[in-house]
Participant: 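To start, I am sharing the structure in question, which I have written as structure tokens.
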Amino acid sequence: MANTDMIPVEVIILTDNDDIKGTVYVSGSTPANRQLTQLLNDPDRRFLAVTNVEIYAKNSNQPPKRYEFLELHMDSIRMVHPTSQALFRESSKTQEDIARFRELRAKLNQTKPF
């Protein structure tokens, strides 16, 4: 697949220890509502490539760490969600989506790993 077929999507990625903001690239030949799902469910993909990365450590007031590129192991990802800016372009239900994302994030933060 040529790079011209790839579309940048700004996302928030939640892991056990960090919230990560960055850009992932999805296939332009996939329907918009399935692009992230297809990328994350690819059985041959073990790492997710992310550019323009900001890593916010949970339970810390430290400034974010910034990287131009990061490969994140798929097993460490708890949730990936487009940022509100990406949702605003794609959906008329932006406020509902943002509220649902915040609710899920709060629940995940309360969940303790075994």
Participant: Check whether any side-chain heavy atom of Ser29 sits under 4.5 Å from a side-chain heavy atom of Asp5, and report yes or no.
Facilitator: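 Ser29 does not reach Asp5 side chain to side chain.
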Participant: How about Lys58: does its NZ atom have over 12 heavy atoms from other parts shown lying under 6.0 Å from it?
Facilitator: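 Yes.
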Participant: Below 4.5 Å, heavy atoms only, C-beta onward: do Asp75 and Arg46 meet side chain to side chain?
Facilitator: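 Yes - at least one pair of side-chain heavy atoms lies under 4.5 Å apart.
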Participant: Are any non-hydrogen side-chain atoms of Leu48 and Ile13 less than 4.5 angstrom apart?
Facilitator: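 Yes - at least one pair of side-chain heavy atoms lies under 4.5 Å apart.
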Participant: Got a second to check how far Arg45's CZ is from Leu40's CG, nearest 0.5 Å?
Facilitator: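 Interatomic distance, Arg45 CZ to Leu40 CG, rounded to 0.5 Å: 8.5 Å.
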Participant: Looking at residues at least two apart in the chain, or sitting in another chain, which of them share a side chain to side chain contact (heavy atoms under 4.5 Å, CB included) with Ala49?
Facilitator: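 Ala49 satisfies side chain to side chain contact (heavy atoms under 4.5 Å, CB included) with Phe69 once adjacent residues are dropped.
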Participant: Quick one: closest heavy-atom pair of Gly28 and Ile7, and the distance?
Facilitator: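 Residues Gly28 and Ile7, closest heavy atoms: CA-CD1, 3.4 Å.
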Participant: Between Ile55 and Leu70, does a side chain to side chain contact (heavy atoms under 4.5 Å, CB included) hold up when you go through it step by step?
Facilitator: CA-CA 10 Å; Ile55 300 176; Leu70 177 74; 4.1 Å; yes
Participant: Of all heavy-atom pairs between Met6 and Tyr25, which one has the smallest distance, and what is that distance?
Facilitator: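 Scanning both residues, the minimum pair turns out to be CE-O, 3.4 Å.
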Participant: Applying side chain to side chain contact (heavy atoms under 4.5 Å, CB included), name anything that partners Thr30, two or more places apart in sequence or on another chain.
Facilitator: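 Counting only residues at least two positions away or on another chain, Thr30 forms a side chain to side chain contact (heavy atoms under 4.5 Å, CB included) with Ser27, Arg34, Gln35, Gln38.
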Participant: CG of Asn17 to CZ of Arg78: how many Å apart, nearest 0.5 Å?
Facilitator: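 Interatomic distance, Asn17 CG to Arg78 CZ, rounded to 0.5 Å: 9.5 Å.
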Participant: Minimum heavy-atom separation for Tyr56 to Lys21, with atom names?
Facilitator: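 So the two residues come closest at CE1-CB, 4.4 Å.
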Participant: Applying side chain to side chain contact (heavy atoms under 4.5 Å, CB included) to Tyr67 and Val50, what does each step give before you reach the verdict?
Facilitator: CA-CA 9 Å; Tyr67 301 95; Val50 187; over 6 Å; no
Participant: For Glu68, does the CD atom sit with more than 12 other heavy atoms under 6.0 Å from it, leaving out its own atoms?
Facilitator: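 Open: at most 12 neighbouring heavy atoms sit under 6.0 Å from CD of Glu68.
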Participant: About how many Å separate CE of Met74 and CG of Asn41, when rounded to the nearest 0.5 Å?
Facilitator: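 One gets 8.0 Å once the value is rounded to the nearest 0.5 Å.
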Participant: Looking only at heavy atoms, which two atoms of Val80 and Ile77 are closest? And how far apart?
Facilitator: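 Looking at all heavy atoms of both residues, the shortest contact is CG2-CG2, 3.5 Å.
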